[in-house]
Amino acid sequence: RNECKMDAKRKFLIKIKRYKRQLSTGCTQENCTNPFCASNPVFPRDRVLESDATGLAFKYALLKENRLCPPQYLPITDKLSFYDLVELFDYAAEDGGLIALVKSIEMVFSDIHKLSMSFSDQFPDSDDAIPEDHHLDPEQGPNSDSLIRMYHLFSQHADVLAAAQRALSTLCQNLGAVPRLDPRVPFERVAPIVLLAPFMSDPDNLPNVAAVCRMIAQMEGSRQNRLVRWMSGYGANAMQGVVSVLQQYITLRFLMGPIGGEDIDRFNWVSQTLELAYKANEAPPVAIPYTEFYNDTVNDSINLDLDFQRKMDDRFAFCRFPFFLKPGAKAQLLRNEAKMKQESLARRAMFESLIFRRRQPIHCIFRIRRSFLIPDTLTQLAQASSEGVLSLPLKVIFEGEAGVDEGGVRKEFFMLVCRSLFDPDYGMFTYDEEARAYWFNFNSLESGNEFKLVGAVLGLAIYNGVILDVHFPQAVYKKLLGLPVGLADLEAITPTVARSLRQLLEMEDVAPLEQPFCIEQMVFGTPQTIELKPGGAGILVTNENRIEYVDTYADWYLTSSVMKQFEAFKSGFRMVTADLIKTFRPEELELVICGSPSLNFEALQKNTRYDNGYDANHPYIREFWNIIHAMSLDERKQFLAFVTGSDRSPVGGLGDLPFVIARNGGDTDRLPTSHTCFNVFLLPEYSSTDKLRRMLLTAIQNSQGFGLM
């Protein structure tokens with residue numbers, strides 16, 4: 001509906017309210033001469049009680065004679081409600097003026113005390129809504145949807161929007177002039193009203209945003225927690241509105257010129273406020289994707305080495321707020337941390353090096369016999385761990401083979417190790433065809449060393465920027481980061497079991513099942529009954545305890561049954577990774593280790609460089625890309641694996657993959673080859689498009705391992 005137009009019923013209700021207020025508290029006009037107003041010095045206040053005011057208001061509203069004072073004297077002196085605003089807009093529509101509305105907005109929005117007491121109600125949803133007296137509840141924040149509707153209403157009237165902007169600017173300037181926030185002011189109520197104002201994202205309001213964030217950062221913990229709790233109930237529009245204003249501050253300040261000392265403090269305040277919004281957004285249901293907290297300007301502009309050093313020096317650093325950083329930047333921080341630790345060790349060992357003339361290692365070197373791949377890898381892993389070099393760049397030497405590892409041998413090593421450890425014959429993991437994911441085999445006969453090796457391989461892959469072809473569910477990455485797992489995670493591991501458990505929760509009555517708190521499992525080929533809790537065999541699942549049964553079942557499957565295997569796996573992962581791994585989200589950790597399944601070959605084409613006679617406009621190259629784009633998804637994955645060693649894209653997508661196509665002679669019967677260590681594709685210039693397509697498909701469909709040259 002048009003908020004400024006009234007039907008007859010609403011008009012009558014508004015008139016009753018105006019009369020009641022006028023008879024009870026007056027119009028605030030000094031020496032009012034209206035005999036029906038409490039502001040008139042001769043008005044019989046002592047004889048007009050609350051009940052009388054209500055009755056008289058109804059009576060006067062029925063009269064054709066107007067006994068109301070002018071609307072510009074509406075008595076709004078200490079606070080404002082959403083209903084007040086609608087009423088003021090209604091007066092404006094009726095009387096043709098915005099004086100009372102603008103005056104009220106300027107009065108309340110410029111005063112921190114008045115604003116903190118305002119908007120304890122919700123925006124009226126219907127024309128016949130009757131206002132109620134809303135007492136301020138310190139545990140209840142301003143309704144975000146109502147604030148959005150309020151600002152939308154303001155935007156329809158330039159004078160009203162300008163008044164709100166002037167008033168909030170005055171409020172923010174006053175905040176900037178005081179050293180600390182008055183602890184008596186519930187600023188957590190004021191902050192959303194300011195940050196949800198759409199005009200706060202304007203460049204002119206940067207100082208005002210900083211002033212508000214400064215006060216939020218100064219609030220005591222209990223008030224910040226209250227604000228987080230309120231924001232956790234925000235919908236997508238409100239959360240996006242707050243985040244956009246704060247992100248805009250950081251982006252615009254970077255683009256506007258050199259960063260000074262005062263800017264560091266302001267970045268800190270804004271970042272702390274964004275951290276509160278991030279915490280609120282993490283509470284289910286999530287309002288906006290976590291990727292909305294990435295800041296492209298921060299990722300593109302800061303020097304990660306210097307930023308990490310500032311963090312180590314206990315100064316402000318963006319890496320203190322990991323939600324800003326994309327997975328690639330976080331992986332680089334891990335490598336930076338490892339580099340700093342190695343430099344520290346090198347300095348401490350300098351004296352020893354001078355005496356014994358030992359050189360400090362710059363690589364972690366694995367010497368591997370192909371026929372003893374897993375035993376040799378375990379031995380090399382233990383040795384490298386004892387020498388403290390696991391976080392150094394890895395170089396792999398296959399015994400008896402010539403050549404230097406420039407990256408391709410290392411990729412092949414990771415592929416062979418993963419292929420061996422995840423082989424069904426090895427029995428370490430089970431594979432669910434529907435989920436297309438591996439999980440730990442609680443019946444595995446392998447020692448903890450093999451599971452430790454799998455964890456170490458994942459850690460080594462992060463430090464060496466290698467994409468692994470492993471298909472773990474996200475529950476693995478959650479558990480590595482110490483996050484809880486439950487039924488939703490079980491669905492990604494064994495959908496059949498998860499569906500059965502959900503059906504159990506949805507049944508009208510579970511008693512006929514006569515299901516005890518037990519699980520029937522095959523243990524080393526023998527059926528066995530496993531109790532989910534002490535005495536579980538004698539406890540039946542009922543409607544009252546079925547949630548407990550489902551939770552206990554999920555916990556057994558995800559945690560208890562594989563405790564030994566997972567702890568060994570986790571220790572291997574922790575053997576390699578540093579504390580900064582905790583800054584990752586599970587989704588980000590999976591992305592860094594496994595790459596992205598999203599393959600944008602148009603982006604790869606735009607990013608490709610050419611050598612030895614080819615260029616982007618060469619007719620033969622245009623035909624080549626037409627063939628690639630016409631391939632099926634599986635064929636494109638095969639091509640990507642052929643030229644890079646992985647069928648997934650790196651963290652930033654295929655547009656970030658350095659890729660070179662080099663001419664490798666004229667027409668020939670030789671197949672295309674590749675240097676996977678450098679992502680170089682060697683492509684002969686075949687005599688026809690049909691031959692190019694045939695030779696290309698033959699190469700990618702019949703290759704194993706990597707084309708190392």
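Heavy-atom basis, side chains included; hydrogens, waters and symmetry copies ignored. Just so it is clear, the model here is predicted, and its values are computed rather than measured.
- Within the 4.5 Å cutoff, the side chain of Gln247 has heavy atoms near those of the Leu274 side chain.
- Crowding of Lys279 atom NZ: a count of heavy atoms from other residues, nucleotides or ligands under 6.0 Å not exceeding 12.
- Ring pair Tyr549/Tyr553 is perpendicular by interplanar angle, where above 60° counts as perpendicular and below 30° as parallel.
- Between the Asn607 side chain and the Gly655 main chain, a donor and an acceptor come within less than 3.5 Å of each other.
- In terms of heavy atoms, Gln383 sits closest to Ser386 at O-OG, 2.6 Å.
- Between Pro586 and Gln474, the closest heavy-atom pair is CB-CG, 3.9 Å.
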Determine, step by step, whether Val389 and Ile365 satisfy the side-chain contact (heavy atoms from CB on, under 4.5 Å) criterion, reporting the C-alpha distance in whole Å, the side-chain angles of both residues, the deciding distance to 0.1 Å, and the verdict. CA-CA 9 Å; Val389 296; Ile365 299 176; over 6 Å; no
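- Relative orientation of the Phe323 and Phe293 rings is perpendicular, given thresholds of 30° and 60° on the angle between their planes.
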Show me, pair by pair, the donor-acceptor contacts under 3.5 angstrom made by side chains of residues 480-496, not counting sequence neighbours?
unit_1, atom_1, unit_2, atom_2, d
Asp489, OD1, Lys478, NZ, 3.0
Asp489, OD2, Gly486, N, 2.9
Glu491, OE2, Arg502, NE, 2.6

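- Distance check: Leu696 CG to Gln701 CD gives 9.0 Å after rounding to the nearest 0.5 Å.
- At a threshold of 4.5 Å between non-hydrogen side-chain atoms, the residues Asn545 and Leu540 do not count as touching.
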Assess whether side-chain contact (heavy atoms from CB on, under 4.5 Å) is satisfied between Met631 and Ile700, documenting all intermediate values. CA-CA 12 Å; Met631 285 180 172; Ile700 66 176; 4.0 Å; yes
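- Listed by first then second residue, pairs satisfying side-chain hydrogen bond (donor to acceptor under 3.5 Å, both in side chains) with a partner in residues 320-330 read Asp296-Lys326, Asp314-Arg320, Lys330-Glu588, not counting sequence neighbours.
- Listed by chain and residue number, Arg310 satisfy the salt bridge (Lys or Arg N to Asp or Glu O under 4.0 Å) test with Asp307 (two or more places apart in sequence, or in another chain).
- For the pair Ser385 (side chain) and Ala382 (backbone), a donor-acceptor distance under 3.5 Å is absent.
- Note that the OG1 atom of Thr377 and the CG atom of Asn449 stand 12.5 Å from one another [nearest 0.5 Å].
- Panel note: side chain Glu446, backbone Gly427; no donor-acceptor pair is recorded below 3.5 Å.
- Scanning all heavy atoms of the two residues, the minimum distance from Cys518 to Glu531 falls at SG-CG, 4.0 Å.
- Looking only at side-chain heavy atoms (C-beta outward), Phe422 and Val454 come within less than 4.5 Å of each other.
- Under the salt bridge (Lys or Arg N to Asp or Glu O under 4.0 Å) criterion, Glu587 pairs with Arg585, not counting sequence neighbours.
- Distance CE/Met415 to CG/Leu468: 11.5 Å, rounded to 0.5 Å.
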Side-chain donor-acceptor pairs under 3.5 Å in residues 647-654, sequence neighbours left out?
unit_1, atom_1, unit_2, atom_2, d
Arg648, NH1, Gly595, O, 3.0
Ser649, OG, Ser596, O, 3.3
Ser649, OG, Ser598, O, 3.2

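- In this structure, the side chain of Lys479 does not engage the main chain of Thr559 through any donor-acceptor pair within 3.5 Å.
- Phe318 and Phe267 have their aromatic ring centers within a separation under 6.0 angstrom.
- The side-chain contact (heavy atoms from CB on, under 4.5 Å) check on Asn336 picks up Leu304, Asp305, Gln332, Leu333, with sequence neighbours excluded.
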Evaluate Phe573 against Leu589 for side-chain contact (heavy atoms from CB on, under 4.5 Å), listing each step before the verdict. CA-CA 12 Å; Phe573 185 74; Leu589 194 54; 4.2 Å; yes
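- Contact check for Lys533 versus Glu548: side-chain heavy atoms found under the 4.5 Å cut-off.
- Of the candidates Tyr438, Phe451, Phe440, Met428 forms a side chain to side chain contact (heavy atoms under 4.5 Å, CB included) with just one, namely Phe451.
- Within the 4.5 Å cutoff, no side-chain heavy atoms of Glu399 are placed close to those of Asp376.
- By the neighbour-count criterion of 12 heavy atoms within 6.0 Å, atom CZ of Arg499 is densely surrounded, having more than that number from other residues, nucleotides or ligands.
- Under a 3.5 Å cut-off, the side chain of Thr583 and the backbone N or O of Leu580 do form a donor-acceptor pair.
- Looking only at side-chain heavy atoms (C-beta outward), Val470 and Val457 stay at 4.5 Å or farther from each other.
- Atom OG1 in Thr608 sits 10.0 Å away from atom CZ in Phe601 (nearest 0.5 Å).
- Within 6.0 Å of atom CD1 in Ile547, 12 or fewer heavy atoms from other residues, nucleotides or ligands are found, so the atom counts as exposed in its surroundings.
- Atoms OH and CE, from Tyr278 and Met231 in turn, are 13.5 Å apart once rounded to the nearest 0.5 Å.
- Side chains of Ile302 and Phe308 form no contact here, defined as non-hydrogen atoms less than 4.5 Å apart.
- Here the side chain of Lys411 pairs a donor or acceptor atom with the backbone of Thr644 at under 3.5 angstrom.
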Before you tell me yes or no, could you show the steps for Val510 and Leu504 under side-chain contact (heavy atoms from CB on, under 4.5 Å), namely the whole-Å CA-CA distance, both residues' side-chain angles and the distance that decides it to 0.1 Å? CA-CA 7 Å; Val510 300; Leu504 184 72; 3.7 Å; yes
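- A side-chain donor-acceptor contact under 3.5 Å links Asp313 and Gln309.
- Salt-bridge formation is detected for the pair Glu412/Arg370: a Lys NZ or Arg NE/NH1/NH2 atom is positioned less than 4.0 Å from an Asp or Glu carboxylate oxygen.
- In this pair, Phe681 and Phe639 present their aromatic rings perpendicular. The plane angle is above 60°, beyond the 30 to 60° band.
- Of all non-hydrogen atoms in Ile288 and Asn281, the two that sit nearest each other are O-ND2, 2.8 Å.
- Here the NE2-CG distance, from His363 to Leu392, works out to 8.5 Å after rounding to the nearest 0.5 Å.
- In summary, of the residues considered (Phe472, Phe569, Phe442), a ring-ring contact (aromatic ring centres under 6.0 Å, His included) with Phe429 occurs for Phe472 alone.
- The shortest side-chain heavy-atom distance between Leu460 and Phe414 falls under the 4.5 Å cut-off.
- For the residue pair Val576 and Gly459, the shortest heavy atom distance occurs at CG1-C, 3.6 Å.
- A donor-acceptor pair is defined here as one N or O able to donate and one able to accept, closer than 3.5 Å; such a pair exists between the side chain of Asn464 and the backbone of Leu394.
- Tyr557 and Val562 make their closest contact through O-CG2, 4.2 Å (heavy atoms, listed as atom of the first residue, atom of the second, distance).
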